[in-house]
> 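Quick one: the structure is below, questions incoming.
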Amino acid sequence: RPGGLPCPRGCEAGCLRPKAVLFGEPVDPAFKDVFRDELPKADLLIIMGTSVQVAPAGKAPAHVGPGCVRLVVNNCRVGENAGLVFDSPDARRDILAEGDIDQVLVALAGKLGWLSELRAYKAQMAHASAVLL
């Protein structure tokens, strides 16, 4: 498919990351509606696997309402550049779950009682993710 990166040899899909916006590529204009209409109504914003430095993801934390919990799941501490505050006594609504993203999400699913539902998608997951279940 045009616009994607070529697949490694043997891949039949045609390209890698066909639905991802790569650095320097334009973002779908409809994304502006999400910032204007959806983010202000959110109760929970989950930010995963990003430095929170590049737009539009880097601007998302500022577009939620003051009561919205902002959860960052990442392998390293990120987000202070976007106004996220993780340390006491100033932390009020921001949470950093630092670690391997798959491991953190499986642990979260376990705490929420969602592991059985998550296991239903195991066959569709990458091997590295599926083995955690």
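Quantities reported herein were computed from a predicted structural model and do not represent experimental measurements.
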> Asn74: which residues meet the side chain to side chain donor-acceptor pair (under 3.5 Å) condition with it, sequence neighbours left out?
none
> Are Val69 and Leu108 linked, directly or through other ILVMFWY residues, by side chains that come within less than 4.5 angstrom of each other?
yes
> Restricting to pairs with a member in residues 88-113, which pass ring-ring contact (aromatic ring centres under 6.0 Å, His included), not counting sequence neighbours?
none
> Would you please test Val72 and Val78 for side-chain contact (heavy atoms from CB on, under 4.5 Å) and show each step?
CA-CA 8 Å; Val72 175; Val78 295; 3.8 Å; yes
> Holding to ring pair (Phe, Tyr, Trp, His ring centres under 6.0 Å), I want the full list of residues that pass it with Tyr121, two or more places apart in sequence or in another chain.
none
> At what distance, to the nearest 0.5 angstrom, does OG of Ser129 lie from CG of Leu105?
9.0 Å
> Under 3.5 Å, side-chain donor or acceptor atoms of residues 41-64 against the rest of the protein: list the pairs with distances, not counting sequence neighbours.
residue : atom : partner : partner atom : Å
Thr50   : OG1  : Val52   : N            : 3.2
Ser51   : OG   : Gln53   : N            : 3.3

> Please round to the nearest 0.5 Å and tell me the distance separating atom CD of Glu38 and atom CG of Asp33.
9.0 Å
> What salt bridge (charged side-chain N to carboxylate O under 4.0 Å, His left out) pairs are there with at least one residue in residues 99-117, not counting sequence neighbours?
none
> Can you list everything that forms a side chain to side chain contact (heavy atoms under 4.5 Å, CB included) with Ala97? Sequence neighbours excluded, please.
Leu71, Val73, Val104
> Roughly how far, to the nearest 0.5 Å, is CZ of Arg93 from CG of Leu84?
8.0 Å
> Who pairs with Asp94 by salt bridge (Lys or Arg N to Asp or Glu O under 4.0 Å), at least two apart in sequence or on another chain?
Arg70
> With sequence neighbours excluded, give me every ring-ring contact (aromatic ring centres under 6.0 Å, His included) pair touching residues 80-109.
none
> Answer with yes or no whether the hydrophobic clustering places Ile95 together with Trp114; edges join I, L, V, M, F, W, Y residues whose side-chain heavy atoms lie under 4.5 Å apart.
yes
> In the hydrophobic clustering that connects Ile, Leu, Val, Met, Phe, Trp and Tyr at side-chain heavy-atom distances below 4.5 Å, which members other than Val85 occupy its cluster, ordered by chain and number?
none
> Applying salt bridge (Lys or Arg N to Asp or Glu O under 4.0 Å), name anything that partners Arg77, two or more places apart in sequence or on another chain.
Glu80, Asp87
> Mind checking salt bridge (Lys or Arg N to Asp or Glu O under 4.0 Å) for Arg92 and listing every partner two or more places apart, or none if nothing turns up?
none
> Atom CG of Leu112 and atom CG of Leu115: how far apart are they, to the nearest 0.5 Å?
9.5 Å
